[in-house]
Amino acid sequence: MDESGNVNHVANGHTNGVQTEEEKVIETHNNEARLRKFREALGKAEGDPLRVVGVGAGAWGSVFIAMLQDTYGAFRDSIQLRLWRRGGKEVDRQTAEHLFEVINSREDVLRRLIRKCAYLKYVEGRLGERILYADEILRDGFCVNMIDTPLCPLKVVTNLEEAVWDADIVVAGLPSTEIRRVFKDIGRYWRERRTKPIIISLAKGVETALDPHPHIITPTQMIVDMTGVPSENVLYLGGPNIASEVYNKEYANARICGSEKWRKPLAKFLRQPHFIVWDNPDIITHEVMGGLKNVYAIGAGMVGALTNESATSKAVYFSHSTSEMIYITRLLAENPGPLAGPLLADTYVTLLKGRNAWYGGKLAKGEITIETGDTFSGKGTIQGISAVEAFYELLRQPSLSVMHPELGKPVRPVELCPILRALYKILIQKTASITAIVEGYMSEYDPRHLVQLEDAYIPQLLRREPQQKLTNINSTQSV
């Protein structure tokens, strides 16, 4: 980004600078063609706009809709874009002051607000003479979880029924812990709908259910349960991305996973020069991996803070934590090899700049406590906390066992996950100090044995229907 706030487009490592008029014309033509082709795939009639709605206005959910607005917003007769977030959330004074500084540091944003006669309210917010609201500033392009990265202006609605009732595509940008509650309401609004929309979930988190056998429930499965939308219409999009960097046109990629009917057309529709979208049929395991990396990112933040950012300590932690993650993928997936690259890439970027690593670091430094909760101004929800509980509860069940590679006897799968056990004691049971995370990776066992473990796959962990008669476990879902 240059001093005036203009974004420099980057491709293949070379700065192209500001687009020429000819490049803009070509890009507009290509965007219009992609929009037309996707409308045809949906069977949209002439004069009936494609209605895309974002549900949830965290950093990634807001950026996702803002990118579509930047790409397709000029074609107003062909597409309508809206973003839902709850109304009534006040912007605190410190955030309002920082927002004012951001506005004045960006000439393009400053001029836009002055033209809209919207600048004065930010002056008043800075002085404490006016309360600003999250939905109000989002309309001007400011997400409370990402104040330093102004977006384009967005159409924001605070009435959920109004937002979704006629949507063709719903983008679920909610924390996984809110998916059930919000989509239960959405399902009620859609009872009389004749056509079923497409839903793209961005959520990275899981639940564990123990009935009729221990298994994982992912956000897309929750959405199907709550709405009755066919599973072929519910997809997952994820990748190793930081929302603000993606919006600033840093080169990025993601995978959209789900049915072939929709993942291929959506991959083409969502793809941009700086944001490459691939398609993949394996939706559930990609979702689970997206939630898994958040678990170990919290630990990474703790280790960094406890060891004064020691490169050696962090490298040792990375080695042991990735071994645990690969081991867990071997439990969950029959063919885990293709998942290793996406999982490690997503883990790497989360450890570098993600909110879960931030949370772990703040805990270790004593700047926050576990009792503070899991939602923070400017960061959103720390989804790794609920994921720690979900994965631990799943892998500790007595009906499950694997062969210990060193001891040569069957053990519960969680017994081979010392870091996961340490995080559970710290965050969920609250029976161990933060320093227990260091003991978690100071294992006497060589982590390569986890990666090489044979016959680890347990098919039922991602399936709701029991594959064989299992010991009955009386329990409810653990989120």
Side-chain angles (χ1 to χ4, degrees), residues 51-70 73 79-92 94-96 98-99 102-103 109 113 116 118 121-122 125 130-190 197 199-205 219 222-223 226-227 237 243-244 246-247 355 373-383:
R51 296 173 177 85
V52 181
V53 177
V55 174
W60 188 215
S62 298
V63 162
F64 196 90
I65 296 299
M67 288 198 301
L68 292 178
Q69 179 67 39
D70 286 338
I79 187 170
Q80 292 179 359
L81 293 139
R82 292 176 289 186
L83 181 58
W84 171 83
R85 71 151 295 132
R86 293 184 180 90
K89 178 180 175 59
E90 296 183 6
V91 177
D92 62 69
Q94 183 178 1
T95 301
H98 181 55
L99 175 56
V102 171
I103 290 169
V109 176
L113 292 175
K116 290 178 59 180
K121 67 184 177 186
Y122 294 101
R130 173 177 179 154
I131 296 175
L132 299 173
Y133 292 91
D135 59 292
E136 173 188 20
I137 68 171
L138 188 58
R139 292 183 177 92
D140 292 326
F142 305 112
C143 171
V144 290
N145 292 345
M146 200 175 56
I147 291 296
D148 289 316
T149 305
L151 309 174
C152 61
L154 297 167
K155 169 68 174 178
V156 179
V157 293
T158 57
N159 182 296
L160 183 59
E161 183 174 10
E162 175 190 346
V164 304
W165 74 275
D166 61 348
D168 298 302
I169 300 176
V170 172
V171 180
L174 298 160
S176 59
T177 49
E178 293 188 29
I179 289 287
R180 284 191 181 278
R181 180 172 56 206
V182 173
F183 274 88
K184 182 178 181 180
D185 289 337
I186 291 175
R188 192 169 67 250
Y189 305 146
W190 285 347
I199 303 173
I200 303 171
S201 172
L202 309 179
K204 295 182 177 181
M222 298 178 208
I223 290 169
M226 294 296 101
T227 63
L237 184 139
S244 60
V246 174
Y247 192 73
R355 74 187 77 172
D374 64 356
T375 303
F376 296 86
S377 177
K379 294 293 181 181
T381 301
I382 309 301
Q383 298 190 73

Rounded distance [0.5 Å steps], CE in M222 versus OG1 in T177
9.0 Å

Does the pair R86/D135 count as a salt bridge with the N-to-O cut at 4.0 Å?
no

State, yes or no, whether a side-chain contact exists between D140 and P153 at a heavy-atom distance under 4.5 Å.
no

Answer yes or no: is there a side-chain heavy-atom contact under 4.5 Å between K155 and L83?
no

Could you state the interatomic distance from CG (L81) to CZ (R51), rounded to the nearest 0.5 Å?
12.0 Å

Please determine if R181 and D185 form a salt bridge, counting it only when a charged side-chain N lies under 4.0 Å from a carboxylate O.
no

Where is the tightest heavy-atom contact between A96 and G125, given as atom of each residue plus distance?
CB-O, 3.7 Å

Got L99 and V91 here, is their nearest side-chain heavy-atom distance under 4.5 Å?
no

Would you call D168 and P197 a side-chain contact if the rule is heavy atoms closer than 4.5 Å?
no

Could you tell me whether the side chain of S62 and the main chain of A57 form a donor-acceptor pair under 3.5 Å?
yes

S377 versus T95: any side-chain heavy-atom pair under 4.5 Å?
yes

Using modelled atom types and a 3.5 Å cut-off, is there a donor and acceptor pairing between side-chain atoms of R355 and backbone atoms of K379?
yes

Can you see which heavy atom on L132 is nearest to which on K121, and at what distance?
CD2-O, 3.7 Å

Taken to the nearest 0.5 Å, the spacing of T375 OG1 from Q383 CD works out to 9.5 Å

The test is side-chain contact (heavy atoms from CB on, under 4.5 Å); show your working for W190 and V164 and say whether it passes.
CA-CA 9 Å; W190 285 347; V164 304; 4.1 Å; yes

To the closest 0.5 Å, what do you measure between SG (C143) and CG (L154)?
9.5 Å

Above 12 or not: heavy atoms from other molecules or residues under 6.0 Å from NZ of K116?
yes

Under a 3.5 Å distance rule, please check whether W84 uses its side chain to pair with a backbone N or O of T158 as donor and acceptor.
yes

Using ring centroids (six-membered ring only for Trp), state whether Y189 and F183 fall under 6.0 Å.
no

Any Lys/Arg nitrogen of E136 or R130 sitting under 4.0 Å from an Asp/Glu carboxylate oxygen of the other?
yes

Please determine if R82 and D166 form a salt bridge, counting it only when a charged side-chain N lies under 4.0 Å from a carboxylate O.
yes

When every non-hydrogen atom of A163 is compared with those of V53, the smallest separation belongs to O-CG2, 3.0 Å

Just wondering, do Y133 and E90 contact through their side chains at under 4.5 Å, heavy atoms?
yes

Taking it one step at a time, do F64 and Y247 satisfy ring pair (Phe, Tyr, Trp, His ring centres under 6.0 Å)?
CA-CA 8 Å; F64 196 90; Y247 192 73; over 10 Å; no

Measure the spacing between CG of N145 and OG of S244 and express it to the nearest 0.5 Å.
11.5 Å

For residues Y122 and I137, determine if any side-chain heavy atom of one lies less than 4.5 Å from a side-chain heavy atom of the other.
yes

Just how far is it from atom CG of L160 to atom CD1 of I186, taken to the nearest 0.5 Å?
4.5 Å

Would you check, one step at a time, whether the test side-chain contact (heavy atoms from CB on, under 4.5 Å) holds for V144 with R85?
CA-CA 11 Å; V144 290; R85 71 151 295 132; 4.1 Å; yes

